[in-house]
Amino acid sequence: MSSFPITRRKFLAGSILAGATGAYGLANYSRHIEPHELSIEQVELSLPRLAPQLDGFKIALLSDFHYGAYIEDLIKDAVASANQANVDVAFLTGDFVSWRHDHGARGEQDADACAAILSGLNARLGKIAVLGNHDYAPRAQIVTEPLKAHGIHVLRNAAVPIEKNNSRIWIAGIDDALEGRPDLAAALKDVPKAEPAILLAHEPDFADVVRRYPVDLQLSGHSHGGQVRLPFVGAPILPEMGQRYPMGSYNFGNLRLYTNRGLGMISPRIRFNCAPELTLLTLRSPRAAAATAASAY
């Protein structure tokens with residue numbers, strides 16, 4: 001038997017020390033490790049109206065950069081990983097900078113530096129962006145002008161067609177739902193109702209409006225997944241219009257939604273159980289699958 005019995009006082013002291021050590025380790029991990037560990041999510045989405053010729057259409061989705069020195073290397077890693085995937089298009093769903101950076105020269109410098117890195121995306125059919133709520137202070141031009149100068153098409157209540165294999169899919173984008181003037185009807189006015197459409201919208205909860213329109217897929221960001229997701233609880237804090245559909249894939253019948261967790265952070269700059277994300281999406285046509293199955297017989 002030990003000659004050094006554990007007293008209640010020693011037990012409590014040891015428990016406090018272990019708890020403090022664990023808390024320090026968790027805080028260190030959440031602040032310095034997970035925020036820099038890029039998670040690459042491979043996602044397949046079936047769109048009923050997608051032409052068989054577009055089966056296998058590849059998309060890189062990046063969002064919520066909140067540019068600063070802390071995030072520069074991670075954005076570069078995401079661009080390099082997207083380029084390895086040999087995607088058709090790259091979609092960027094807003095928050096290139098943060099509110100506190102959007103004043104004077106600092107905001108312009110951050111917007112230009114972020115756009116310069118993103119210009120390195122090698123997408124065969126183009127790079128297309130929409131703005132997020134952080135991109136509007138004090139004025140959106142601070143963000144849109146560098147993006148355009150670096151070859152990134154910015155959509156604000158507008159749509160453009162993309163063609164591949166003699167088939168067409170439309171890409172629409174809206175002004176930010178919180179800080180801009182979103183007009184979904186205007187964004188879709190040139191899109192033929194018989195042709196499939198993808199909508200870029202920063203806030204995922206805008207899907208409750210979109211589901212009433214002829215849109216096949218909405219791609220969003222905004223929520224950061226909550227940045228912190230607790231076991232059995234989920235995200236304790238989520239932003240306005242990012243609370244209903246904060247991360248991952250959702251199905252509303254004819255509309256599919258995917259919410260990206262983003263790359264950057266807002267204060268406090270921590271992530272736990274919610275790593276920064278690059279999404280690589282592959283679109284599937286049910287008609288292509290049916291044709292393949294029929295040819296097997």
Side-chain angles (χ1 to χ4, degrees), residues 25-43 58-85 87 90-101 110-111 113-121 123 127 129-135 143 147 152 200-204 219-231 234-239 242-243 245-250 257-281:
L26 182 60
N28 184 64
Y29 172 82
S30 300
R31 184 170 180 81
H32 299 293
I33 298 176
E34 185 169 314
H36 305 285
E37 292 188 332
L38 180 66
S39 175
I40 301 175
E41 304 292 342
Q42 305 267 1
V43 180
K58 292 183 178 181
I59 298 168
L61 173 62
L62 301 89
S63 193
D64 296 83
F65 310 92
H66 295 281
Y67 185 83
Y70 80 99
I71 197 71
E72 181 176 337
D73 287 343
L74 184 66
I75 299 175
K76 290 179 179 178
D77 289 345
V79 168
S81 296
N83 288 344
Q84 290 177 0
V87 298
F91 294 145
L92 315 171
T93 49
D95 279 1
F96 297 92
V97 295
S98 295
W99 281 97
R100 63 185 180 278
H101 289 165
D110 283 353
C114 187
I117 297 173
L118 295 172
S119 70
L121 285 163
K127 301 178 282 285
V130 292
L131 300 182
N133 55 304
H134 280 258
D135 299 323
V143 176
L147 290 172
I152 298 169
L200 308 183
H202 181 65
E203 287 84 3
L219 298 176
S220 298
H222 181 57
S223 68
H224 303 186
Q227 289 188 196
V228 172
R229 301 192 66 83
L230 302 178
I237 301 175
L238 288 165
Q243 299 174 353
Y245 317 114
M247 58 181 283
S249 184
Y250 302 87
L257 164 67
Y258 190 88
T259 306
N260 177 291
R261 296 189 300 271
L263 291 174
M265 298 171 286
I266 57 172
S267 183
R269 287 181 179 171
I270 58 174
R271 281 188 181 267
F272 177 74
N273 197 28
C274 192
E277 176 180 355
L278 161 66
T279 316
L280 298 176
L281 299 115

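Computed over heavy atoms, backbone and side chain alike; hydrogens, waters and symmetry mates excluded.
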Tell me whether the rings of Tyr250 and Tyr245 are parallel (<30°), tilted (30 to 60°) or perpendicular (>60°).
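If you compare the ring of Tyr250 with that of Tyr245, the planes turn out perpendicular.
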Output all residues satisfying side-chain hydrogen bond (donor to acceptor under 3.5 Å, both in side chains) with [X], sequence neighbours left out; order by chain, then residue number.
X	value
Gln227	His224
Asp95	His66, His202
Thr93	Ser63

So, using ring pair (Phe, Tyr, Trp, His ring centres under 6.0 Å) as the criterion, who are the partners of Phe91 when residues are at least two apart?
none
Would a 4.5 Å heavy-atom cut-off, applied to side chains only, mark [X] and [Y] as touching?
X	Y	value
Leu263	Leu62	yes
Val97	Cys114	no
Leu118	Phe96	yes

Salt bridge (charged side-chain N to carboxylate O under 4.0 Å, His left out): which pairs involve residues 32-41, sequence neighbours left out?
Glu41-Arg261
Nearest heavy-atom neighbours spanning Ala82 and Val87
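The pair with the smallest heavy-atom distance is O-CG1, 4.1 Å.
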Closest contact, heavy atoms only, Pro246 versus Thr259
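Residues Pro246 and Thr259, closest heavy atoms: O-CG2, 3.3 Å.
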Donor-acceptor contacts, no H, no angles, side chain residues 71-78, under 3.5 Å, sequence neighbours left out:
| residue | atom | partner | partner atom | Å |
| --- | --- | --- | --- | --- |
| Glu72 | OE1 | Tyr67 | OH | 3.1 |
| Glu72 | OE2 | Lys76 | NZ | 3.1 |

Does Lys127 reach the main-chain N or O of Leu121 with its side chain, forming a donor-acceptor pair under 3.5 Å?
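Yes, because the side chain of Lys127 sits within donor-acceptor range (under 3.5 Å) of the backbone of Leu121.
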Do any N or O atoms from the side chain of Ser223 and from the backbone of Gly225 form a donor-acceptor pair under 3.5 angstrom?
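Yes: the side chain of Ser223 pairs with the backbone of Gly225.
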Here the gap from Ile59 atom CD1 to Leu280 atom CG, rounded to the nearest 0.5 Å, amounts to 10.5 Å
Check step by step if side-chain contact (heavy atoms from CB on, under 4.5 Å) holds for Asn273 and Val228.
CA-CA 6 Å; Asn273 197 28; Val228 172; over 6 Å; no
Using the rule given for side-chain contact (heavy atoms from CB on, under 4.5 Å), can you reason through Leu38 versus Leu278, listing the C-alpha separation, both sets of side-chain angles and the distance that settles it, and then say yes or no?
CA-CA 7 Å; Leu38 180 66; Leu278 161 66; 4.1 Å; yes
